[in-house]
2 protein chains.
Amino acid sequence: MPDRIDLDSDLLNYIIKNGFQPGDRLPTISELQDPNNLGISVSKVREQLEVARALGLVEVRSKTGTRLKEYSFTPAVRLSLFFALATDLRFFEQFSALRTHLEVAFWNEACARLTADDLTELRQYVGAARAKLSGQWIRIPSEEHRAFHLGIFKRLDNPFVLGLLEAYWDAYEAVELNRYADYAYHQQVWDYHERILDAICAGDFDAAKTAFIEHTRLLRHQPRMQDMESSVEFSSEVTE
Amino acid sequence: MPDRIDLDSDLLNYIIKNGFQPGDRLPTISELQDPNNLGISVSKVREQLEVARALGLVEVRSKTGTRLKEYSFTPAVRLSLFFALATDLRFFEQFSALRTHLEVAFWNEACARLTADDLTELRQYVGAARAKLSGQWIRIPSEEHRAFHLGIFKRLDNPFVLGLLEAYWDAYEAVELNRYADYAYHQQVWDYHERILDAICAGDFDAAKTAFIEHTRLLRHQPRMQDMESSVEFSSEVTE
DNA sequence: TGCCCCTATTCATCTGATTAATCCTATTTT
DNA sequence: AAAATAGGATTAATCAGATGAATAGGGGCA
């Protein structure tokens, strides 16, 4: 085992070396400048704080100073992904393929960990979405869509898979894919969601997974991608 | 479609807005300060440059200025992953599970894209590793191990999957898992690698995949993890 | 007690100066 | 003439210091 993993950042190494835990306050910027701590100037401290902040590792606020946050893979993934998407929206298809495979791969493990309360919560999302669809709402229920899918995986003990999935839904929001979907399409989507949930409740995770895979195929053939500047062939298939 | 994805960074938004391409030179820091460009001070520019650098988006060198790099998902993943590992090495098991599932999920697609030259290259890695094992070399052939696995996926048209796999091998190096492995173990590993490669060459990707999955199970039962501060149960199974 | 204002602390941002790295060119050397 | 070298100019790298903005916490007042 290595003595210590080098993080290519004085600040991050300092955080690790001193064993700061999530929730802890780091020294103030002026204190960090002290030769006993980092021994670098304000500008350099701030550069590194900014990196840590961009990665979601710390929260830095006036007066209270810097607080170490709970680790999450999401911010790093989101930042890099968003840059890619800003460059070329076609990246979305590729990340989407990754997301689908991940959900399939970790499906049973995630489902097995769900509690009765979790299932009730999922059921509520279905209800809320249905209400919006049947009512006079203009807004497509993308929040419930996100909450439903992430809800299935919320007990999964793998921050990396969760981070990728969360970043996927952030990107989904950012590219506003739902804007162009119509009500009939969403009805279909929530039929599938209900089928998935019923199967999970019945303990038949494989049936739920099958329904999920079908449901992603549905998404794939929707017109949502036609608005992109250029269509791209989708070559990866879900492994079963 | 959104007008523009907001990147929460003047600099990154500026790069996108002005359509800079990989290889392009960005304006110098002093030019970026100009109100016509970013209109912020050196310190602020440098903070954002540092974030972009940490994400592997730009390379900034004295005299030549800043160059926009080819997009890669790897740096962001590696940075966040390394911080997690520095906090707690048990994160490695979870990222490893992700890696295994990814390779399985994208296996056939990746294999199908390999050229004859690629296969020759893979064969060379096997040869080089064997030579090191049979010779008097002290060093365990971890470079070939990395090169072999990444080599299988090098043609995969998915920067996100590739980025995750690359970061995995970087982490593998960083935690120095190979240090504690013995020669007999590596012989076994390369037997598997050869079996995998033979199957790929024969066009039987599924057989190759099966061999790969067996080979990861081998890894899992090796004593390499016992050196960690606490053993952790490995609950996720590979989806077949 | 509960509300509001004041103040000290800390971050936020900018400016200017010095140092180090690097490229380009002119000069010297072979 | 070609190659090596030295010097100058450009740019990033780092630092120090100043000013402004945000905010938590205390003290006074109803």
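The analysis underlying the following values was restricted to heavy atoms, covering all of them including side chains, and did not include hydrogens, waters or symmetry mates. Throughout, protein chains are lettered first and strands after them, A, B, ... in sequence-line order, and every chain is numbered starting at 1.
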* Tell me, please, which residues at least two apart from B:Glu31 pass salt bridge (charged side-chain N to carboxylate O under 4.0 Å, His left out). => none
* Residues which pass ring pair (Phe, Tyr, Trp, His ring centres under 6.0 Å) with A:Phe91, listed by chain and number, not counting sequence neighbours -> B:Tyr71, B:Phe160
* Asked: What residues form a salt bridge (charged side-chain N to carboxylate O under 4.0 Å, His left out) with B:Glu47, not counting sequence neighbours?
  -> A:Arg46, B:Lys44
* Asked: Among residues 15-22 of chain B, which residues get a heavy atom nearer than 4.0 Å to DNA chain C?
  -> none
* **For A:Asp10, side chain to side chain contact (heavy atoms under 4.5 Å, CB included) partners two or more places apart** => A:Leu38, A:Ile40, A:Gln48
* Interatomic distance, B:Arg25 CZ vs D:dT11 P [rounded to whole Å] -> 11 Å
* To do: May I have all residue pairs that pass salt bridge (charged side-chain N to carboxylate O under 4.0 Å, His left out) and include part of residues 76-85 of chain B, sequence neighbours excluded?
  => B:Arg78-B:Asp170
* To do: Report the residues that fulfil salt bridge (charged side-chain N to carboxylate O under 4.0 Å, His left out) with A:Lys17, sequence neighbours left out, ordered by chain and then residue number.
  => none
* To do: Kindly state which residues belonging to residues 31-49 of chain A come within less than 4.0 angstrom of DNA chain D, counting heavy atoms of the residue only, listed by number.
  => A:Ile40, A:Ser41, A:Ser43, A:Lys44
* What integer distance in Å separates B:Asp10:CG from C:dT13:C1'? -> 13 Å
* Under the salt bridge (charged side-chain N to carboxylate O under 4.0 Å, His left out) rule, collect the residues that match up with A:Glu166, sequence neighbours excluded. => none
* Looking at residues at least two apart in the chain, or sitting in another chain, which of them share a ring pair (Phe, Tyr, Trp, His ring centres under 6.0 Å) with A:Phe153? -> A:Trp107
* Aromatic contact, B:His193 with B:His149 (centres under 6.0 Å) -> yes
Atom pairs under 3.5 Å: protein N/O with N/O of nucleotides 20-22 of chain C:
{"unit_1": "C:dA21", "atom_1": "N3", "unit_2": "B:Ser62", "atom_2": "OG", "d": "3.3"}

* To do: Hey, could you give me each pair passing salt bridge (charged side-chain N to carboxylate O under 4.0 Å, His left out) that has a residue in residues 60-69 of chain A? Not counting sequence neighbours.
  => A:Glu59-A:Arg67
